[in-house]
Enquirer: 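My questions will all concern the structure given below.
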Amino acid sequence: MSENAITFSHDQADAHDRIAEMLRHAGIDLNDSLLTPPRDGKDSVMAVVGKAGSGKTLLLAALYRALEDAGVDVVSGDWEGKRRKDRRTLAILAPTNKAASVLRTRGVPATTIHRILYTPVYDPEYERIAEWLAGQGERPEIEGLTDVALDRAFAFYQTNKSIPGALATAGLRGSDFIIGWKRREEPLDVGFVDEASMLDEKQFQDLTEIFPTLLLFGDPAQLAPVNQSGAMVFESLPAPQILTLDRVHRQDADNPILDLAHALADPEVDFYRFEKMIEEAASRDDRVQWAQRVEVDLMARSPVLVWRNATRIRLINAFRAVHGAPETELLEGEPLICDGIELPLKHRKKRLDLEARGLIKGAQVIYLGHGRKPGFSRLHVMGAEDPQVSAASIVKIEKPDEEEPFIPFAARMGATFLHGAAVTIHKAQGSQWKDVQVFAPDIYAAARMGRSEAGQPLWKRLAYVAITRAEERLHWVVRNRLAKPTSGLRVDDLRAAPAPLTLEVEET
């Protein structure tokens, strides 16, 4: 393990050795940094499972660096270079933009599953810049781009390894250099999938068609995808293909949030005892807050996590009311959650454009204002590599005790959005925020119902997922109260991003 300058625990070392053997059969020898054709041509799938703090991400990052050192090309979702006969490839994926961005902040070049299933088609003129940045071509001369602009693009790429981001720093918009999207035709070699507990059967099938060697990283204590019988895709693998990390690592051992998460595995811990543990942790460590009310200032960027839809809708309307938001329009800075794309089949290309830009179901966005056309919105997609977009939008504001949502404005078709000041714990999976507010009365309601999922009390699975969304501070909200905002909504920190790409949909 010296090449990675990491000391693995025993369970991590065992998992690493098993994965290295799988990669050796795939023609990638990590010990000798040697690339050869696959030995037997058989497809292989393995899963690394473990609870929060067990070191899954550390192992994933170490394997990525070892593969890169061995000469494997890391394929991102923004551009793919020329194919070579001897080329071996790796893609690191997550189900959502937010989950991918968590990996990128740790130096792992992750992208979404969708951005690997569908690849961009570049304008040939600007593809010369991409080839140069990736070290596959000479520095080009492009009409309309100065040497200074190209230098900016080069400097950006050396740090961020994002082709669209580099082109944006040169003053180009996505619509200048990406002329379309196509479903991937050629398979890749190795795929790493983080947050694999979120995968549904269709996504898993798509991935096995692209990657003959597939490694899933998942947390079996999380919530299974909705409408999938409470099971996760890796649970169907034969036992030898599931590698379990049991140890909670020393660097996480003093984290009170992880301590609380792991305490939920104790069958003797009921809801009342668990709340007592939270209260005691809050008295010792400010990373855990015993909160008497929901802090509205946090809701604009990190939603309150709830179980019941009725709670979510009440909190959203309370958030809008305290900010003085009119019913007929959105305020700049209001958070939204993408609820899907409403487009007929003839607009399949536009659907791919929207999804490839990060507007996939569950994506968190911030509203930046009206677009240039009626029904269009300027949006900042949280966690996306190229975050600013202008798109035809259908925004739905749900109301308490009303079946039909209120629609302040809408295009006839496009990306659909719900308000994002509060979300269900299910939808929060795969995301993390510095501060997370968990609405405890909802967890208590689940505990009173006595429901179980996959052999565990539902309230414990909900609590585990909710509190492990917190990177730095957990707010356990115990009362149905909302604080007043200390300031208005803001977007000035988001406007510094590159110019937005406009995605138009002809309404015919």
Side-chain angles (χ1 to χ4, degrees), residues 51-53 197-198 219-226 230 255-283 285 287-296 298-299 302-316 318-319 337 362 400 420-483:
K51 292 185 179 180
S197 58
M198 299 173 65
D219 185 339
Q222 291 198 25
L223 295 158
V226 178
N255 186 330
I257 300 170
L258 284 180
D259 289 343
L260 290 168
H262 289 286
L264 288 162
D266 185 347
E268 299 299 317
V269 172
D270 60 12
F271 181 82
Y272 300 101
R273 184 174 172 188
F274 184 65
E275 276 214 320
K276 186 66 176 174
M277 294 172 69
I278 293 174
E279 195 170 10
E280 290 171 352
S283 68
D285 196 312
R287 288 175 287 182
V288 178
Q289 297 286 313
W290 182 263
Q292 296 292 332
R293 60 190 182 181
V294 175
E295 291 296 332
V296 72
L298 296 176
M299 294 171 72
S302 56
V304 181
L305 305 187
V306 304
W307 175 47
R308 298 177 291 192
N309 259 323
T311 306
R312 179 179 65 84
I313 294 169
R314 284 199 307 272
L315 283 168
I316 287 168
F319 171 87
I337 299 290
V423 302
T424 62
I425 294 168
H426 261 103
K427 280 197 173 180
Q429 287 196 131
S431 296
Q432 284 190 307
W433 297 273
K434 288 184 178 180
D435 283 77
V436 165
Q437 300 184 88
V438 180
F439 194 73
D442 264 21
I443 309 293
Y444 174 63
R448 288 191 63 185
M449 290 180 66
R451 284 175 52 183
S452 292
E453 185 178 288
Q456 273 282 94
L458 176 61
W459 79 265
K460 286 192 171 185
R461 295 180 79 96
L462 291 167
Y464 177 88
V465 172
I467 65 180
T468 54
R469 300 310 91 204
E471 290 179 335
E472 296 181 5
R473 186 171 287 103
L474 167 68
H475 303 253
W476 187 260
V477 181
V478 296
R479 303 187 72 179
N480 190 13
R481 292 183 177 180
L482 189 72

Enquirer: Can you name the nearest heavy-atom pair linking His262 to Ala52, along with the distance?
Expert: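 Taking His262 first and Ala52 second, the nearest heavy atoms are NE2-O, 2.6 Å.
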
Enquirer: Between CG of Leu462 and CZ of Arg451, what distance do you get to the nearest 0.5 Å?
Expert: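 Rounded to the nearest 0.5 Å, the CG-CZ separation comes out at 8.5 Å.
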
Enquirer: Taking CZ in Arg293 as the centre, count heavy atoms belonging to other residues, nucleotides or ligands within less than 6.0 Å. Is the count above 12?
Expert: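 No, not enclosed.
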
Enquirer: In chain order, what residues pass the salt bridge (Lys or Arg N to Asp or Glu O under 4.0 Å) check against Arg273, with sequence neighbours excluded?
Expert: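 In terms of salt bridge (Lys or Arg N to Asp or Glu O under 4.0 Å), with neighbours along the sequence ignored, Arg273 is linked to no residue.
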
Enquirer: With rounding to the nearest 0.5 angstrom, report the CZ to NZ distance, Arg312 to Lys427.
Expert: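 That separation rounds to 6.5 Å.
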
Enquirer: Anything under 3.5 Å between a donor and an acceptor, one on a side chain of residues 428-436, the other on a protein residue two or more places apart or in another chain? List them.
Expert:
| residue | atom | partner | partner atom | Å |
| --- | --- | --- | --- | --- |
| Gln429 | OE1 | Leu223 | N | 2.7 |
| Gln429 | NE2 | Leu223 | O | 2.8 |
| Gln432 | NE2 | Thr468 | O | 3.3 |
| Trp433 | NE1 | Arg301 | O | 3.4 |
| Trp433 | NE1 | Gln364 | OE1 | 3.2 |
| Asp435 | OD2 | His475 | NE2 | 2.7 |

Enquirer: Considering residues at least two apart in sequence or located in another chain, which fulfil the salt bridge (Lys or Arg N to Asp or Glu O under 4.0 Å) criterion with Arg308?
Expert: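 Partners of Arg308 by the salt bridge (Lys or Arg N to Asp or Glu O under 4.0 Å) criterion, ordered by chain and then number, come out as Asp442.
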
Enquirer: Looking at every non-hydrogen atom in both residues, tell me the closest pair between Ala281 and Leu260 and how far apart they are.
Expert: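 Where Ala281 meets Leu260 most closely, the heavy atoms are CB-CD1, 4.5 Å.
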
Enquirer: Could you report the tightest heavy-atom contact between Ile257 and Leu474, atom names first, then the distance?
Expert: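 Nearest pair, atom of Ile257 first, then Leu474: CD1-N, 3.9 Å.
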
Enquirer: If you take all heavy atoms of Ala483 and Val296, which pair is closest and at what distance?
Expert: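 Shortest heavy-atom separation between Ala483 and Val296 comes out as O-CG1, 3.3 Å.
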
Enquirer: Gln456 side chain to Ala221 main-chain N or O, any donor-acceptor pair under 3.5 Å?
Expert: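 No: the side chain of Gln456 does not pair with the backbone of Ala221.
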
Enquirer: Any donor and acceptor pair, going by atom type alone, linking the side chain of Arg461 with main-chain N or O of Gln222 inside 3.5 Å?
Expert: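 Yes: the side chain of Arg461 pairs with the backbone of Gln222.
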
Enquirer: How many angstroms lie between atom CG of Leu315 and atom CD of Gln437, to the nearest 0.5 angstrom?
Expert: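 Result: 9.0 Å between the selected atoms.
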
Enquirer: May I ask you to test the Leu305-Val423 pair for a side-chain heavy-atom distance under 4.5 Å?
Expert: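 Touching, per the 4.5 Å side-chain cut-off.
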
Enquirer: Taking all heavy atoms of Pro303 and all of Gly420, pick out the closest pair and write down the distance.
Expert: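 In this case the closest contact between Pro303 and Gly420 is CB-O, 3.2 Å.
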
Enquirer: Please identify each residue that fulfils side-chain contact (heavy atoms from CB on, under 4.5 Å) with Ala421, with sequence neighbours left out.
Expert: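 For Ala421 the side-chain contact (heavy atoms from CB on, under 4.5 Å) partners, ignoring immediate neighbours, are Met299, Ile316, Phe319, Pro335, His419.
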
Enquirer: Which residues pass the side chain to side chain donor-acceptor pair (under 3.5 Å) test with Glu275, not counting sequence neighbours?
Expert: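 Checked Glu275 against side chain to side chain donor-acceptor pair (under 3.5 Å); matches are Trp476.
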
Enquirer: Within the side chain of Lys51, is there an N or O that forms a donor-acceptor pair under 3.5 Å with the backbone of Ala261?
Expert: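 It does not hold such a pair.
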
Enquirer: For the atom pair CD1 (Ile443) and CG (Leu458), what is the distance rounded to the nearest 0.5 Å?
Expert: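 With rounding to 0.5 Å, CD1 (Ile443) is 8.5 Å from CG (Leu458).
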
Enquirer: I'd like to check the side-chain contact (heavy atoms from CB on, under 4.5 Å) partners of Ala447; sequence neighbours left out, ordered by chain and number.
Expert: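 side-chain contact (heavy atoms from CB on, under 4.5 Å) list for Ala447, sorted by chain: Phe271, Trp459.
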
Enquirer: To the nearest 0.5 Å, what is the distance between CG (Leu264) and CE (Met277)?
Expert: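 Going from the CG atom of Leu264 to the CE atom of Met277 covers 8.0 Å.
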
Enquirer: Judged by atom type as modelled, is there a donor-acceptor pair below 3.5 Å linking the side chain of Arg448 to the main-chain atoms of Tyr444?
Expert: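 Between the backbone of Tyr444 and the side chain of Arg448 there is no qualifying donor-acceptor contact (under 3.5 Å).
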
Enquirer: In Å and rounded to the nearest 0.5 Å, what is the NE2 to CE distance from His426 to Met198?
Expert: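 So the gap between those two atoms works out to 10.0 Å.
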
